[in-house]
Amino acid sequence: MDDSTKRLLQRLIRRIPAQTLRTTLEKWGRLTAAQQRSMDFTQPKWALSEKLLAICEENGLTAKHITELEMTNVIDNPNQGMWYAFQLMDPEDDANSIELTQFKEQFKSHLRELVRPVSIKIKKHTDEAVWIRIAWGDSFSRPNHLKPTYVVHHLQTPYVFVTSLTSKQKPLLSQALVLSARYQAIKDANLSGRKLTAIRDLLMRKYQQVFPTMYPSPLGERNQVVSNPHIEKEQAEPAANRLQMACEAFGDGTLPQLQTVVYKLETKFRDHTNKTMTEREEPFSCVVKFASTNLLESLRHCASSGIASTPVTPLLSSILQKGRNYFVITDNGSGPSTQTRQPQT
Amino acid sequence: MALLKPFSKLPCLNTANILLVESEEQFQQSLADTLVEETAFTVNVRLAKSLPLPMENEESRPRIDLVVFIINLTSELSFQSAEVSLKNLDPGYFLGKVCFMVTNARNASVPTERLDAVRKLAASLHCPMLFAEDQTPDGVTNATERLLTILKVAAGFVPMATALYLSNLTRRTAPPDIEQPSFD
Amino acid sequence: DRENTIYITLISPGSGDRQNNGSSAVTSRSINIRVNLNFLLCVSNCEYMNMFKNQIHTVMSAFPPVVEAGTPVHGNDEVERHLVLVEKVAYSKGLPPEAISVMLEFAMSLRMGTVLCARVLRCLIPATVVPQEAVVRAVVWLGVGKIPMSTQVLFIKWVLTMFDMIDGKDQLRAIYGFIFSFVTEENLCPFICHLLYLLTRKESGKSFSHLRYGPFIQRFPQFYSYSLFLVFSSLLQALLTGRQPFLMHLLSLYKVLCPELVTLSIPSRMRWVRNHNSTWKSTLIGVQKRNGSQAASSIGLAFTIKDKASSRKRKHTHLQLPALSSVVNKQPQSEPSSSRKLVPLVQLHSFAQLLENMHHIELPAQMGSLLGSSLALQYLDFVQDESALLRLNFWLGYALYEEFLFCGDGGGFQNSDEALQFLNKLLSTENFLQGGFTSSEAFLYKFLTVWDGSLLRPQILALLSNIPVVPSSQIGRLLFEPLMQLFFTSSVFFKCGLVECLNSMLLKWLTWHSVYALEDDLDISLKSYTSINMTLSGFKDSVMDLVHFVGQLASVGLQLEGCHSLLLSFTLDFYETVCDMFLKYGLPLVVMPPPGVFYPTLFATDPISVDRLAYIMYRYKVNLASAKSQEKLTEAFHISSQTFHEFNHYVVVMVNSLWNSRMFKPDMDLKLSEELLLKSSVPQHWTSFDLIHHPAFMSYAIDFHQKVTFLHQKSYDADILTSIKLTPQSGPKERFGDVTTFPSFFRLATCLLQKHP
Amino acid sequence: MAGASATGVLSQLSLLEVKARSRKTQPQQQSRVKELKAKVEALRAQRDQLKAEIETHKHLQKLRASLDKQSTNEEEEEEEMEQDSEHSQLLQLMARHTQLEDLLYAHHTIGGYDVIKTRQGKGVCVSLATAYDGVFLETYNLEIDLKPTLRISRHNVPPFIPLNSLAEQNNLQTNIRTFLDTLSRHLNAFAARKQQLELVKELHKSVQVMESNVLCSILVLMFNVPKQKTAVLCTLDYSDHTRSLPTRVHFESEDEKLPDSPEWKKNCSLLKETPVHKALITMKKMGNIV
């Protein structure tokens, strides 16, 4: 077991949260029950990693197995690092009928053609998600397991989620994906976040949307609070309307946790008092960035509590409808225009 | 938009009506719940986010004896919305039937300018300005008691005292600066 | 040139450790020199040097394991492991002194970059004490100027937090000038000022009278030349753009120590800066709790309840304190001026000890802890040590503002009993010193304007009653306006409370007056470093304002509350104080109650109130009479005929309504129209408020009548009541069956029978 | 000490205040009674109103009956309608209204869609309900802008249903109707497949679901043949996404001749014709699988 592998393991142990370390190791299943029992998880990380190293030596485990451990860890808590969404464009006819095995070998072969050496691991997770781990190497160096790229793809859906991908590797990956998933093109979906589940749910529309219906809406019923006959809300129905509007724009119930939304304005500066700026030819460009632990929740609250005006401006509502959190706003196309952005920025 | 008028409606027997205006709609609820517990007379509470009030429940609305603007000092917005709402009150109300209730005055994140601005506003309108501790239950009950004290007078339950009389006693002349009272 | 060399020797510890462990840390550093302040450095340096000659070897011996400069931090499990270990120990049971000095040295020398520096600082929790040398060395490292500003601030905060646990202050004082030189860093300035504030101390006792600046040296042993201090103060004043509170506070301390230098006029009451909540407090307390030793005094300036608690405990447990006492007792080296032993107050626990050490007592940095111990208070009370009081005020003001005006969480915890305890302790202290602190006074003025009237009401009102006399020019704005608003919008209980509070305030003012009246100059603000001189007339004005104010409150309050009997009784309490101002407290001032108080009392339904009114009127009578006689003897003062007139009028009304039943007669000043009275169809309405028919006395009258009928063996008949004629001529005895029922009436009656003025 | 005593008095006062408050909240009772009385009144009024409504409803029923008759056979019998003129007219209208409502409902049940206006008529919101044998499954919504051209602004149709391509194929602009029909067929088929899969997992513990995908377009099952313990791998391929039945069924097993055996041929056709969970039940009955 060379010391690059050792370093890998140490780093990995340091990264796995202490409380889940035990279960992760169990999932990994490379340790005998005795070895499992012999580990004392109350010890500090460095001690644990020492211990684990010894065991791995003993079992003669290699980098391959360590990467397995890493993969289980990443699958269990995917909310580390930035995830970027990509969208596959114009599918072939048989795009819908592709199934896992053939996708697997297709992808591997395609990527191997493009770059070698490269180490690829593909694993099917329970919820129809295909997890791909790629450790890149190039003609001079062996695959670098210290900074692998992770790709998550749901077959039959046009979406791919990628983390820690350099701009150099991007075209390679894109091509392999396009070919093996039977599409013709791939584009950046302009959606990124720390929580994989969040951006996935957002694109897969796995959150509770609200539509105007002729039947009594659950919203109204939920806000029926039994109150004293002597207390009367003057602006009850405006409030209800605001809530309805907000929920139509941002969905109901718990929302996917986005952290940021970025608007890149490349519009003309309009302010009659400020001549010099207004008369400039080149567009006045600035970046507006909203940040929060759960951005959509906060936006919804803003709208429902009347801090933000309703109906919600398309600039905000299109975060969910277009499923993106990066917009470039130009003068000609009113509202958010579609432009792509380098993932690594 | 219709101005809210103090004397457009007849009062009803042994009832006082109070209107709580707060842009955040937080404190007003707890206040209302404690206000209606008053047993000596019936208290009707109307809650509003801002003025003007909607036309549709114009006739269902009783005569409002006291209008309370609740301002949370930690938010500029709450102050501004109160300022805007004030314009929709009939001048008659400013004869003692309006008061300000300020929360979070002791919070570290409150800029002194804002507090002074509120003070100036209250002083310029000759309205009393009450401070309240909305965090603690005791604070809420106490705030309620004080509102009731004013409301009683405003609704005419106290013999030989009118709202104007009381507000003359309780209003601030000018915002003071206590920072450095120099004695010489 | 000279400065430079000196400066370089200043960082000699760095070079020293180079020789020791060959780390190239020092050489690589650029030495930047603050030109404008170099001479400060050179002055403070000499002592600094010989101090180091003494200790350099000890420090060297305890040096950290050799760490190459610029060793990578990331992914370095070696360091990681050590740090984890250190942190574990630190957070569980705190670090021993030598460990502290090692780690501090390690951190500040930036051997492994700035990241670790901050981290290490965070976990520097001392178990017992912080060795002074370590701190000094660290301060010197600051001078090297490699450390990022945030970390520098963090360090100074650390020093402030641990100040009381540093085992000696002499060497720190030795580099006073060096520390001072950081004042120019505007990020550091507030904290540096705070540190200086704690370091600057007035030395009592031995004087170098032969020296030119003897008295000065006395105060600032750590400075060589008077000019140096001149530089300090002038520099501060120069730095003072606007009124940065921290600079102001330091300056005010200087002003006290040598007034002739600080030309600036320091306002008596200053705003307070927001405090830095230090990160170590809670853990430190935790550690101390676990160790069971209260070695540390209360931590940090910001008053949080926990360290209050610990400081209170300290009072009791300081007897068994090997660590601190031994440390402090060790002869401070290399400080010529303070060669004699200083005894920290905390080590005294008997009055005798206090007496014999009176001249060399070292006050704790944490002045707040004085509040607890009566011994300390006696000391304060005895030696009018202005600087001590100043510091106490400083601390107190800080605490009050932090806890009650700049609450982080919007004042979540108000009603928690810690706040209660604190205020109660403060109250008892003020009662002990028999006067309010200026800081608490200033605090109250601010607090009243944002008070909701219920928060900690008893304490606040009690504190309020302690404030010294306010000049009548200010009293309206500072006191009456906020109080008035609170009074009229609050419940009757608050009203009563306020009246009670104002009553005791008046009492204290008067008592104070009766004590100091003889002295020519009336120093109002007791024991406070800003003395406001006030003339007798000024005092009279304030009192008059107060009395009138309460009169107004009471009369309107009674009206709004429908003559609530509780409020009435509190009001009468107040007037019982007022009516005796002249005789009891020798204040030549008589103020009559307003009609709004007089009439409700006169027509009250309970006998006690009416009785007390009578007593009050009686006392007025006595006071006025003696005042008149005084006036005859000396032209000292003069009571306006207006007052006499009011008094007479009230008496007439009383007599008319109670005795000769002339109610509603034209000469009375409350009139009802005839037909209205007829309509009421009350028989002989004019009698309806005489002693018999007065609602308050009806029961007594009937009782009396029954006694009479029993005596006369007669069957009850109604006109006996009416047949008892009331005439002023007939003496009191036959007018009242049982005089003891209305003692004060008897008194009033007797005094009325002599012709009144 | 004066201060101390003052605190005493003051704290006593606040205690009193607390007492007073508690006493004030006690006599809630009779006011509560009043409240209840008021409630009773309100309920009575409500009851009377309901009674009245029932009356009118009965009346309406009669009218409805007559109306329906009219719509079937045109000859009129107006005579009993003539009394109480405008009241009956009103009733007439109401009756008509209910009739139309019913028609609408009927239409919906035979495959119409709920459509309501949104944003003051600038758009409509269509909701398509999915169901599989008599069980209502989730409802999907489309919000469609009308101006300038028909455009789907918002929807909660899962991304693996090719909404846009459908919109193009049967051109949305001209005949939205067909578009909606195809879409609803897709959705219903998808819902049906999903439901079937659920049922298989739930009903047949012995059968192992080897593979499936989000679209449920591929289903690989494994089951055992009872006597000779051979495992059979069965692949169901729903390549036509508008149908809930597989287009291709394929068996794999250790012994090559098993898939060609007559009863397994029968099974194959069975699986093609009947929903998989039912098919499996029958296969169990036949004793082909465990």
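Because only heavy atoms are used, hydrogens play no part in the values below, and waters and symmetry mates are left out as well, while side chains stay in. Numbers restart at 1 for each chain; the letters A, B, ... are given by sequence-line order, proteins then strands. Keep in mind that what you see is a predicted model, and the values were worked out from it rather than measured.
With respect to B:Glu133 and B:Arg106, a salt bridge is recorded, a charged nitrogen being found less than 4.0 Å from a carboxylate O.
Neither the backbone nor the side chain of B:Ser81 comes within contact range of chain A; no heavy atom of the residue lies under 4.5 Å from a heavy atom of that chain. Looking at B:Gln28, there are no atoms closer than 4.5 Å to chain A (heavy atoms on both sides), in backbone or side chain. In this structure, chain A has no heavy atom under 4.5 Å from any part of B:Asn17. Heavy-atom distances place the side chain of B:Glu56, and not its backbone, under 4.5 Å from chain A.
Using a 30° and 60° split on the angle between ring planes, A:Phe290 and A:Tyr263 fall in the perpendicular class, above 60°.
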(request) Take B:Val45 and B:Leu20, measure what side chain to side chain contact (heavy atoms under 4.5 Å, CB included) needs, and give me the verdict at the end. (result) CA-CA 7 Å; B:Val45 186; B:Leu20 305 179; 3.9 Å; yes
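Applying the side-chain contact (heavy atoms from CB on, under 4.5 Å) test to A:Arg194 and every residue at least two apart in sequence or in another chain returns A:Met82, A:Gln259.
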